[in-house]
Amino acid sequence: MSKKIANKLENFSQWYNDIILNADLAENSGVRGCMVIKPYGFAIWEEMKQVLDKKFKETGHVNAYFPIFIPKSFFTKEASHVDGFAKECAVVTHYRLKNNDSGEVIVDENAKLEEELIVRPTSETIIWDTYKKWIKSYRDLPLLINQWANVVRWEMRTRLFLRTSEFLWQEGHTAHETKSEAIEEAEKILFLYKDFIENTLAVPLIYGLKSEREKFAGAIDTYCVEALMQDGKALQAGTSHFLGQNFAKAFDVKFASRSGNLEYVWASSWGVSTRLIGALVMTHSDEKGLVLPPKLAPYQVVLIPIYHSQEEYDAIIEKMKLISCELSSLGIRVKEDFRDTYKPGWKFSEYELKGVPVRIAMGPRDLKNNTVEFVRRDKCEKQIISFSEITSTTQSILNQMQHDLFLKAKLFQENNTFSVDNFDDFSYRINNGGFVLAHWDGSPETEDEIKKLTKATIRCIPMDAKKENGLCILTGKPSLQRVIFAKSY
RNA sequence: CGGGGUAUAGCUUAGUCCGGUUAAAGCGCACGUCUGGGGGGCGUGAGAGCGGAGGUUCAAAUCCUCUUGCCCCGACCA
C-alpha cells in the first residue's frame, strides 16, 4: 500500500481527511478556506441533487435562481438575521482594478461602489425583496421555490465539506397564506430530508426543534435533522425553518386575503448542503477508504479483468462487456476498468478507496469455470459466483448493502445514545461522545452554562418525545421533557 | 484576533543546532525488461537550488532582519 489512511480511532480528523483525499473527492484550493470538489466527489453531489430535486418537484416546488450579491440595505432589514450573519460576510466594495506605477494590479479606489454588496450567506433577503413584487393576492400563494446555489460564509477554521468558506447547497423559500400552512411546509420538508438522508444516504437521524440559541437567525422555529458520526460527535445534516411573518414584515410583503384584508404572508425556508458528503464519509467509511451506499455511488459496480496474454485479455473483455450490458440494462451504474496501464491489485485498492459497492473481477480461471470473483465493499469478502447468477446477485447485494449500512449506523447510534439524570453522568457521557438525553429547564442561560462547562450543545428538542417530568441536570428546576445534547461539528 | 509550529523535487520528508564538493531519500513520473488472482521485481532516466525580500560572510537551505502562506490550539461559528 503506497497510500496510507490514518487510524480512525487514534486520529479521526486525519482519517477523515485521508479518506477524502485518497478517494479523490476534493482537495484544498489556492483560495484560503475554499475547496475544489473533484469529479468523483461532484458525481456524488450530482446523485444527491438528482434524488432531492425530484422530491422537491413531486411536492410542488419549482427551481429558480436569485443573485449572488445582496445590497447591504436589504441585508440589514431583518435585525436578528443581520446579527446572526454579520461576522461572517464577504463584502464587495469596488468594481474595478488598475495598474499602479510599478505595474502591480491594485484596486481602483475611484471605483468604489455606492452601496456595498454582500456575497450571499443565504438568500432570504434578496428573495423576500423579490417576493414583494410577486405576491399581491391569496391567489399568488403558496409560492414554492427552490434554488441550487453557492453561498459564502467567512469561516475562521475550515474543514473539507464540513465547513468551508464557500459551499454548494439548495435553499427553498416558500410563502403561504396562513401560519399553519407555513408550519406544515417546514415540517413536510423536514420529513422529506429525513426520508432522503436515511433512505438514500443510509445515515440514521434524530430530528426535532432547535433551541432558541441554536435556531436560524430570523426564524420563529428551526427544525433539524442531526446525525451521529463515528467519533461520537453530532453533525447537523439539514434544517427547515418556520419564519413566521418576520421577513414579510421586514420586506413589507402583504397580500389581499380571501376576506379582502391586507395581511403579511407566512414563510418557510430550508436547506441541505455539500456537508452531507461529509456526513456520508464519517458515517460509513472504514480503514480501507470510502464506503458508499449503493443508491449514491457514482459507480455501483466496477468490472476488472485479470489476464496474462492478449488472447486472454480479449476473451475476458468480451465476456465482461456482456456482463456490463446486462447490468446497465437493469439501470445499474457500471464502471468498466479495462485499462492495461494499471494492474489488477492496484485497481482493487483504488476502488476500495473510492468506495465502489461491488467489484466483479474475472481471470483466466474464471473464464474456464464460467465464474466471476464478486466482492462487496463493506464486507470485503470474496465469493465466486457463476455467470448465470451475476445479475440477480448484484441486484440483491446492492439492495442488501444499502440496507445493512443503514442498520449498522443505526445500531451505532442506538449504542451511543444515553439517558442521564445528573450532571456528573452527563459530563461523563458527553466526554465520551454520543447523544445524551437529559432534562433541561428551558432557559438559554442554562444552555450557555452547560456549553461552557462541557462543550455540549442542545442538538435538538425531540418533537415526538413522550412528556416526562424531571429536573434540569444543571439547575434542578422542573422540566417537562428530555432534550438531546452532544458535542458537535 | 491571541498562543505554538512549519515552509527543501509533483507528494512525504532528511539536511538547519555547529555555514564549506555537483542538496539527499522514499513514493510518484518516463523508458526498458521480467511479470501479472491484492498498490510486484530489477535496471536506466527526468525532475528542486531550499516560501519571498534584504543583510552578514571568501562561502548561506543552514546565521541575522523583515515579510508571506499554511497547519495546530484557543477565541469565533445556524
Side-chain angles (χ1 to χ4, degrees), chain A residues 1-6 11 13-14 17-18 21-22 27-34 80-89 121-122 124 151 153-160 162-165 167 169 171 209-219 221-226 234-241 243 269-273 275 288-289 304-310 312-313 316 337 339-354 359-369 371-375 380-382 384 451-452 455 457-460 488-489:
Chain A
M1 290 279 279
S2 62
K3 291 179 178 172
K4 291 256 160 48
I5 292 179
N11 193 344
S13 304
Q14 189 59 50
N17 280 329
D18 288 346
L21 265 20
N22 284 314
E27 63 186 37
N28 284 307
S29 71
V31 190
R32 196 200 110 90
C34 297
S80 56
H81 191 64
V82 193
D83 286 350
F85 288 106
K87 280 172 285 181
E88 50 187 36
C89 286
T122 179
E124 272 77 5
V151 287
R153 298 178 187 180
W154 214 257
E155 301 289 352
M156 301 296 268
R157 279 184 72 186
T158 57
R159 300 196 61 190
L160 291 168
L162 300 177
R163 176 168 282 118
T164 47
S165 291
F167 58 91
W169 76 346
E171 47 180 326
L209 284 160
K210 282 293 186 193
S211 66
E212 202 57 27
R213 276 286 184 272
E214 296 282 325
K215 77 179 192 189
F216 175 72
D221 279 318
T222 290
Y223 299 85
C224 66
V225 283
E226 297 266 334
L235 182 75
Q236 179 173 297
T239 50
S240 175
H241 318 288
L243 301 174
S269 71
W270 28 272
V272 295
S273 71
R275 176 182 249 201
K288 288 193 168 92
I304 300 174
I306 300 162
Y307 52 90
H308 304 262
S309 64
Q310 184 66 41
E312 281 173 351
Y313 177 83
I316 289 166
D337 192 345
R339 289 177 296 178
D340 191 33
T341 45
Y342 291 91
K343 308 223 171 73
W346 189 93
K347 292 178 184 174
F348 293 171
S349 300
E350 181 70 8
Y351 293 105
E352 271 162 15
L353 282 168
K354 293 195 159 191
R359 180 181 88 217
I360 296 176
M362 184 193 288
R365 203 190 302 151
D366 296 302
L367 192 62
K368 198 181 302 167
N369 301 335
T371 57
V372 293
E373 179 190 276
F374 197 99
V375 181
C380 280
E381 284 163 3
K382 294 176 182 176
I384 303 297
K451 183 178 178 184
K452 215 161 87 186
K455 294 193 170 171
T457 50
I458 296 175
R459 300 321 302 158
C460 80
S488 75
Y489 276 96

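Since the model is a prediction, treat every value here as computed from it, not as a measurement. Here is how names work: the chains are called A, B, and so on, in the same order as the sequence lines, proteins then strands, and each is numbered from 1.
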With a 3.5 angstrom cut-off on both distances, give the Watson-Crick or G-U wobble partner of C50(B), or none if there isn't one. none
Please compare K87(A) and D340(A) by the position of their nearest nucleotide in RNA chain B and report the one closer to 5'. D340(A)
Provide the Watson-Crick or G-U wobble partner of C77(B), both distances under 3.5 Å; none if there is no partner. none
Looking at E155(A) and R163(A), is any side-chain nitrogen of the basic one under 4.0 Å from a carboxylate oxygen of the acidic one? yes
Residues, nucleotides or ligands: over 12 heavy atoms within 6.0 Å of W169(A) CH2: yes
Regarding the side chain of H308(A), the nearest nucleotide among G40(B), G36(B), G38(B) is G36(B)
Base, sugar-phosphate alone, or nothing: which one does K455(A) contact when heavy atoms must sit under 4.0 Å apart? sugar-phosphate
Determine the contact category for N28(A): base if any of its heavy atoms lies under 4.0 Å from a base atom, sugar-phosphate if only primed atoms, P, OP1 or OP2 are that close, otherwise nothing. nothing
Of the listed G74(B), C77(B), C1(B), the closest approach to the M156(A) side chain comes from C1(B)
Which nucleotide in the list G36(B), G38(B), C77(B) gets nearest to the side chain of E88(A)? C77(B)
Under-3.5 Å donor-acceptor pair between R163(A) side chain and C77(B) base: yes
Base-pairing mate for C27(B) - Watson-Crick or G-U, with both contacts under 3.5 Å: G10(B)
Name the nucleic acid region contacted by R359(A), choosing base, sugar-phosphate or nothing; use a 4.0 angstrom heavy-atom cut-off, strictly under. base
Are side-chain N/O atoms of S488(A) and R459(A) paired as donor and acceptor at under 3.5 Å? yes
Counting just side-chain N and O atoms, does K451(A) come under 4.0 Å of either OP1 or OP2 of A75(B)? no
Would G49(B) be called syn or anti here, given the cut-off of 90° from 0? syn
Suppose we screen for side-chain hydrogen bond (donor to acceptor under 3.5 Å, both in side chains). Which residues come up paired with S80(A), at least two apart in sequence or across chains? E78(A)
Side chain K288(A) and base G38(B) donor-acceptor under 3.5 Å: no
Residue mapping more 5' on RNA chain B - nearest nucleotide basis, K347(A) or R32(A): K347(A)
Any donor-acceptor pair under 3.5 Å between the side chain of K343(A) and the base of G36(B)? no
Of G38(B), G36(B), G37(B), the nucleotide closest to the side chain of Y307(A) is G36(B)
Test salt bridge (charged side-chain N to carboxylate O under 4.0 Å, His left out) applied to R275(A) - qualifying residues, sequence neighbours left out: none
Between U21(B) and G51(B), how many Å separate the two C1' atoms, rounded to a whole number? 27 Å
Of the candidates G37(B), C77(B), G38(B), the side chain of E155(A) sits closest to C77(B)
Which of the following nucleotides, C77(B), G36(B), G37(B), is nearest to the side chain of E373(A)? G37(B)
Paired with C42(B): which nucleotide, if any, by Watson-Crick or G-U wobble criteria at under 3.5 Å for both distances? G32(B)
